[in-house]
Amino acid sequence: MPKLFSGIQPTGELHLGNYFGAITNWVDLQQEHETIYCIVDLHAITSDYDPEVLRESSVELATDLIASGIDPEKSILFIQSDVREHVELQWIFNSVTSYGDLTRMTQFKDKSEKMDFVSAGLFDYPVLQAADILLYRASRVPVGEDQVQHVELTRRIARKFNSRFEEFFPEPEPIVGRGARIMSTADPERKMSKSDHDKHAIGLMEDEDSIWEKIKSAVTDPGNAKGDEMSPGVANLFTLLELTASESTVEEFREDHREGNLMYIDLKEAVHENLMSEIRPVRERKEQLMKNRSRVEELLDKGKEKAKETASRNMEEVRKMVGVGPT
RNA sequence: AGGCCCGUAGCUCAAUUGGCAGAGCGCCGGACUCCAAAUCCGAAGGUUGGGGGUUCAAGUCCUCCCGGGCCUGCCA
């Protein structure tokens, strides 16, 4: 089975965009891949954050992932900073990474523009990401469109390392676009994101009334669209419906929309109802897990050990090739 | 290490010679709407980065600290 790596930052609460865009896909990928899922806390510290809650956020995110169907038996699930080889490999990669390549990373340019303090870590972030992936010699990386450039950089780093030292790392393939693209209900032109304002993201664990408020107030249109034309807001609601409701239900609503007599409030109610029955089991599983936090920590500890096994073995090889210790 | 500039509401910025801390946008509530959007009405929002000082009175002046940016120098 091909080896697959993906990471998620422990910042903010998991929202529907994460869930339908990435997590459900992660769950499916467990079937036909050797999956390694990492909570990347070392990435989270490159921008402003609260050290008081970071660790807790990481554990809680792990809980959310397990509740969502990431199986700690099948997958290696762990917290990045628990495996220090990530950082060691990053440093070595820093030395085979072109400075010019890093300056061309559009995500850095976009992000840093808006911030008043830009850390060197934020600039160097893609190199840590390359280390994350290649430390396990993973060959596949499910990512969003915005991360493809980073995977390409990872490939260049692998290539450079392999030619400078020895053939060791695979050139990983990005897996793009398998997850759904959920837009903000408040502004359907933008992707749902936790970095935006509160009302732009619907939390997976958010209380039900609050979820209903957000769906009910989702941006739509004057309702004069005919045929297959659909405004972005309505299309977004249909996306959510497709992800959670039966085909026949979706088709009924589509029919109404085509004929121009769809009441959006009905669509919204259906989206809410079906969404809740989709995520309710996840929420219940989380509740169960939260009752026994030490169990989650135990699972993370096991994940760490499994990750370390591969990581330390690979780092030993790398050190030899590069000519540094400890040997 | 030296020099210069900056820090006011969530964001962008105002505030006369020191004289009641404000606006726009956003957020929140309401009207309208099948739900929204737009529009209208309303409300909230602040230790002016922090401490100390001068003064009847400090966002404004002095001082120290914190944070950020730019320039010069030195070292690795």
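Chain naming here is simple, since letters A, B, ... match the order of the sequence lines and numbering starts at 1 in each. Values in this document were obtained by computation on a predicted structure and should not be read as measured data. FYI, side chains are in, hydrogens and waters are out, and symmetry mates aren't considered; it's all heavy atoms of this structure.
Under the 4.0 Å criterion applied to side-chain N and carboxylate O atoms, A/K216 and A/E269 are not assigned as salt-bridge partners. Under 4.0 Å is where a charged nitrogen must lie from a carboxylate oxygen, and between A/E287 and A/K291 no such pair does. Residues A/K302 and A/E305 are not paired through a salt bridge, judged by the lack of any N-O separation under 4.0 Å between the basic side chain and the carboxylate. Look at A/K286 and A/E60 and you find a salt bridge, because one of the NZ, NE, NH1 or NH2 atoms lies within 4.0 Å of a carboxylate O, short of that distance. Between A/E229 and A/R258, none of the side-chain N atoms (NZ, or NE/NH1/NH2) sits under 4.0 Å from a carboxylate O, so this pair counts as no salt bridge.
One can place CD of A/E269 at 12 Å from P of B/A36, the figure rounded to the nearest angstrom. In this structure, the NE2 atom of A/H200 is 13 Å from the C1' atom of B/C11, given to the nearest Å. Counting to the nearest Å, the P atom of B/C34 and the CG atom of A/D221 are 13 Å from each other. Taking atom NZ on A/K214 and atom P on B/C27, their separation rounds to 13 Å, with Å as the unit. For the pair A/D187 CG and B/C25 P, the computed distance is 18 Å after rounding to whole Å. Regarding A/E213, its CD atom lies at a distance of 13 Å from the C1' atom of B/A36, rounded to whole Å. Protein atom CG of A/D48 is 14 Å distant from nucleotide atom C1' of B/G10, rounded to whole Å. In this structure, CD of A/E113 is placed 20 Å from P of B/G68, rounded to the nearest angstrom.
Distance noted for atom C1' between B/G30 and B/C70: 49 Å (whole Å). B/A58 and B/U54 are spaced 10 Å apart, taking the C1' atom of each and rounding to whole Å. Rounded to the nearest Å, the gap between the P atom of B/A37 and that of B/C32 is 14 Å. Atom P of B/A9 sits at a distance of 10 Å from the matching atom of B/G50, rounded to the whole Å. If you take atom C1' in B/U17 and the same atom in B/C61, they sit 13 Å apart, rounded to whole Å. Separation of the C1' atoms belonging to B/G46 and B/G22 is 12 Å when rounded to the nearest angstrom. Separating the C1' atom of B/G51 from that of B/C13 is a span of 27 Å, rounded to the nearest Å. Spacing of P atoms, B/C4 relative to B/U63, comes out at 11 Å, to the nearest Å.
For A/R137 and A/F168, the positive end sits near the middle of the six-membered ring, less than 6.0 Å away and at most 45° from its axis. Cation-pi geometry between A/R140 and A/F5 is not met: the NZ or CZ atom fails to fall both under 6.0 Å from the ring centre and inside 45° of the normal.
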Quiz prompt | Base-pairing string, 5' to 3', of RNA chain B - Watson-Crick or wobble, under 3.5 Å, | interstrand | solution = (((((((..((((.....[..))))..((((.......))))......(((((..]....))))))))))))....

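For A/I265, taking side-chain heavy atoms from C-beta onward, the closest of the listed nucleotides B/G69, B/A36, B/C34 is B/C34. Checked against B/C28, B/C35, B/G68, the side chain of A/K199 finds its nearest nucleotide in B/C28. The nucleotide whose nearest atom lies closest to any side-chain atom of A/V219 is, among B/C34, B/A37, B/C35, B/A37. Side-chain proximity of A/M263 to the nucleotides B/G69, B/C35, B/C34 is greatest for B/C34.
Listed by first and then second residue, the ring-ring contact (aromatic ring centres under 6.0 Å, His included) pairs involving residues 268-302 of chain A are A/W212-A/H272 (not counting sequence neighbours).
A donor-acceptor contact under 3.5 Å links the side chain of A/K268 to the base of B/C35.
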